[in-house]
Amino acid sequence: MSDRSRMKAVFVAVGAVAFVVSPLASGSFGGYDPSQFPVPQERPPAQPAGWAFSIWSLIYAWLVAHAVFGLLRRADDPGWDRTRWPMIFSLVVGAAWIPVAQISPLWATLLIWVMLVAALFALFAAPEEDAWWAKFPIAFYAGWLTAASWVSVALIGAGWGIGPGALIWAWIALGGLMIFAALVQVALGRVMAYAVPIAWALFGIAAANNTDRIAITAAAIVAAAGLISLSAQRRWDSPNG
């Protein structure tokens, strides 16, 4: 059991490094190119402003810290071990995500939902002890994936000409994101580290739309504030560490 646990800890570390190196090898991602869709998506209302994607720097750093701490200090810990297979799966898929996104938004959307589901399995299995090293990095990663997954749904729907257009798809994504995030937060116990990256994405959507689409802008800001308020009922720090 000990050797197997340590090997999984190594795999998480390798997966985290591969995930971080991926944008260096294939180029950073700041949103899909409009020409990648059958119906070109010029300034889609569901997509955050380009600066919002800078959050990946913090996600990468925290995931590497999580992996290194888990390998060096908690390799044999059963609580940490429960998170490892889903994290390995999510990180390995994530390492291939940017090259796929540069070719096919459709496949990239499928993969980001796979990454999200795996990350949520890891999050719900994560121990409360060492929360800043174990639970919160996974929550932060899963939060951004939650927002990105719903944004991708809107872009695919509008980009493939399904339904009445990009604005309606933005509303669908916004509603779906808030319901999904609220359900996760309630089931999880309201972890602020999950809410913050979603709120960041929502503020990015508000900034991208600005005064051109005032209803979407206002809704995104209200949704971000509501999610933070819901999550504030639980402190960032775990009583166990």
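One finds the CD1 atom of I138 at 6.5 Å from the CG atom of L123 (value rounded to the nearest 0.5 Å). Going from atom CE of M178 over to atom CG of L183 covers 10.5 Å, rounded to the nearest 0.5 Å. Considering CG of L145 and CG of L120, their distance stands at 8.0 Å, rounded to 0.5 Å. The CD atom of E129 lies 9.0 Å from the CZ atom of R74; values are rounded to the nearest 0.5 Å. Separation of atoms CZ (R4) and CG (D81) is listed at 8.5 Å; rounding is to 0.5 Å.
Here the side chain of S104 pairs no donor or acceptor atom with the backbone of V100 at under 3.5 angstrom. Put simply, the side chain of Q47 never gets that close to the backbone of I205: no donor and acceptor are under 3.5 Å apart. R43 places a side-chain N or O within 3.5 Å of a backbone atom of A208 that can act as its donor or acceptor partner.
When all heavy atoms of A75 and R6 are compared, the pair lying nearest together is CB-CG, 3.8 Å. The minimum heavy-atom distance between Y60 and F19, with the atom names listed, is CE2-O, 3.7 Å. P23 approaches I98 most closely through the heavy-atom pair CB-CD1, 3.6 Å. Of all heavy-atom pairs between L177 and A147, the closest is CD1-CA, 3.8 Å. Scanning both residues, Q41 and A158, for their nearest heavy atoms gives OE1-CB, 3.3 Å. Heavy-atom minimum distance, L63 versus P137: CD2-O, 4.0 Å.
Using a 4.5 Å cut-off on side-chain heavy atoms (C-beta onward), D33 and P105 make no contact. Using a 4.5 Å cut-off on side-chain heavy atoms (C-beta onward), V184 and F124 make contact. At a threshold of 4.5 Å between non-hydrogen side-chain atoms, the residues S22 and P99 count as touching. Side-chain contact between L188 and K135 is present, with at least one heavy-atom pair separated by less than 4.5 Å. Between Y32 and T109, some side-chain heavy-atom pair lies under the 4.5 Å cut-off. At a threshold of 4.5 Å between non-hydrogen side-chain atoms, the residues W169 and P45 do not count as touching. Between L167 and I216 there is a side-chain heavy-atom pair separated by less than 4.5 Å. Looking at F11 and R84, their side chains never come closer than 4.5 Å, going by heavy atoms from C-beta outward.
Here F69 sits in one hydrophobic cluster together with W80, W133; the rule is ILVMFWY side chains under 4.5 Å apart, joined directly or through other members.
Within the structure, the side chain to side chain donor-acceptor pair (under 3.5 Å) test picks out the following pairs touching residues 88-97 (sequence neighbours left out): S90-Y141.
Residues W85 and V92 fall within the same hydrophobic cluster, defined by Ile, Leu, Val, Met, Phe, Trp and Tyr side chains chained together at heavy-atom separations under 4.5 Å. Taking hydrophobic clusters as Ile, Leu, Val, Met, Phe, Trp and Tyr residues chained together by side-chain heavy-atom distances below 4.5 Å, F121 does not share a cluster with V12. Cluster annotation: I221 and W171 are assigned to distinct hydrophobic clusters (Ile/Leu/Val/Met/Phe/Trp/Tyr, side-chain heavy-atom contacts under 4.5 Å, transitive). In the hydrophobic clustering of ILVMFWY residues, with side-chain heavy atoms under 4.5 Å counting as a link, W107 and V93 come out together. Side-chain heavy atoms closer than 4.5 Å link hydrophobic residues (I, L, V, M, F, W, Y) into clusters, and following such links, even through other members, never connects Y194 to V117.
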Using side chain to side chain contact (heavy atoms under 4.5 Å, CB included), reason through L116 and F180 one step at a time and then give a plain yes or no.
CA-CA 12 Å; L116 170 60; F180 188 98; 4.0 Å; yes

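Annotation: W160, atom CH2; neighbour count of heavy atoms from other residues, nucleotides and ligands within 6.0 Å is above 12. Counting non-hydrogen atoms of neighbouring residues, nucleotides and ligands closer than 6.0 angstrom, the CZ atom of F53 exceeds 12 such neighbours.
For W51, the side-chain contact (heavy atoms from CB on, under 4.5 Å) partners two or more places apart in sequence, or in a different chain, are A49, W200, A207.
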